[in-house]
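This structure is a prediction, so every number in the text was calculated from the model and none was measured. Quick note: numbers below take in every heavy atom, side chains included, and nothing from hydrogens, waters or symmetry partners.
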Amino acid sequence: MDIFSNSFEKKWALIFGFLFFIIMVPFPFFYATRYIPVIYGLPSFIVGWTAHTAITMILIVVFYAQAMRRPEYHEFDEERKGE
């Protein structure tokens, strides 16, 4: 089974791939060589990284919830019930 074998895995690979791509592009809210104040004097890259981290963490929780509803993630559950 490869990463693009079904729509669930393809969708999440593209979502997390996009998040990886967006963090690598040197946008001023991720990478700045000069001080750009945003909220309460915080540098813009601190706010950008914090927002990106929060979005990534939320998407990880959503991925986990969706993955745990899929039967292939419970393949070995029946074997452990007897232990």
Side-chain angles (χ1 to χ4, degrees):
M1 177 188 266
D2 63 342
I3 199 165
F4 295 109
S5 63
N6 62 39
S7 63
F8 176 77
E9 291 176 0
K10 184 190 294 186
K11 174 182 75 170
W12 283 103
L14 292 174
I15 289 171
F16 287 118
F18 176 73
L19 286 173
F20 178 75
F21 171 76
I22 216 69
I23 204 77
M24 292 297 143
V25 178
F27 290 123
F29 46 87
F30 290 138
Y31 170 79
T33 56
R34 57 189 164 83
Y35 173 67
I36 305 169
V38 181
I39 301 170
Y40 298 115
L42 285 173
S44 65
F45 71 92
I46 298 288
V47 176
W49 277 92
T50 304
H52 187 273
T53 301
I55 290 168
T56 303
M57 294 304 229
I58 290 168
L59 286 174
I60 287 171
V61 170
V62 170
F63 170 78
Y64 173 78
Q66 288 182 3
M68 287 298 111
R69 285 186 289 211
R70 298 177 57 81
E72 57 264 24
Y73 286 90
H74 297 282
E75 183 176 331
F76 300 107
D77 285 350
E78 290 80 27
E79 295 174 10
R80 293 191 175 223
K81 286 183 182 176
E83 291 180 4

May I ask whether Leu59 and Tyr64 are part of the same hydrophobic cluster, defined by side-chain heavy atoms of I, L, V, M, F, W, Y residues being less than 4.5 angstrom apart, directly or through others?
yes

I'd like to know if Val61 and Ile15 are part of one continuous hydrophobic network [Ile/Leu/Val/Met/Phe/Trp/Tyr, side-chain heavy atoms within less than 4.5 Å].
no

For Lys10, which residues count as a side chain to side chain donor-acceptor pair (under 3.5 Å) partner, sequence neighbours excluded?
none

Can you name the closest pair of heavy atoms from Pro28 and Ser44 and give their distance?
O-OG, 3.1 Å

Phe16: what forms a ring-ring contact (aromatic ring centres under 6.0 Å, His included) with it, not counting sequence neighbours?
Trp12

Measure the spacing between CG of Leu42 and CD1 of Ile36 and express it to the nearest 0.5 Å.
13.0 Å

Using 0.5 Å steps for rounding, measure from the CG atom of Asn6 to the CZ atom of Arg70.
5.0 Å

Ring centroid separation Phe45 to Tyr35 under 6.0 Å
no

Would you compute the distance between atom CG of Leu14 and atom CG of Leu19 and round it to the nearest 0.5 angstrom?
11.0 Å

How long is the gap from CZ on Phe63 to CE on Met68, to the nearest 0.5 Å?
8.0 Å

Would a hydrophobic clustering, with Ile, Leu, Val, Met, Phe, Trp and Tyr connected at side-chain separations under 4.5 Å, put Val47 with Tyr40?
yes

Can you give me the closest heavy-atom contact between Pro43 and Val38, atom names plus distance?
C-CG2, 4.4 Å

More than 12 heavy atoms from other groups under 6.0 Å of OH on Tyr31
no

All side chain to side chain contact (heavy atoms under 4.5 Å, CB included) counterparts of Phe30, not counting sequence neighbours
Ile22, Ile23, Phe27, Trp49, His52

Hey, quick one: are Phe18 and Ile55 part of the same hydrophobic cluster, counting side-chain heavy atoms closer than 4.5 Å, chains of contacts allowed?
no

Can you tell me how far apart CD (Gln66) and NZ (Lys11) are? Round to the nearest 0.5 Å.
4.0 Å

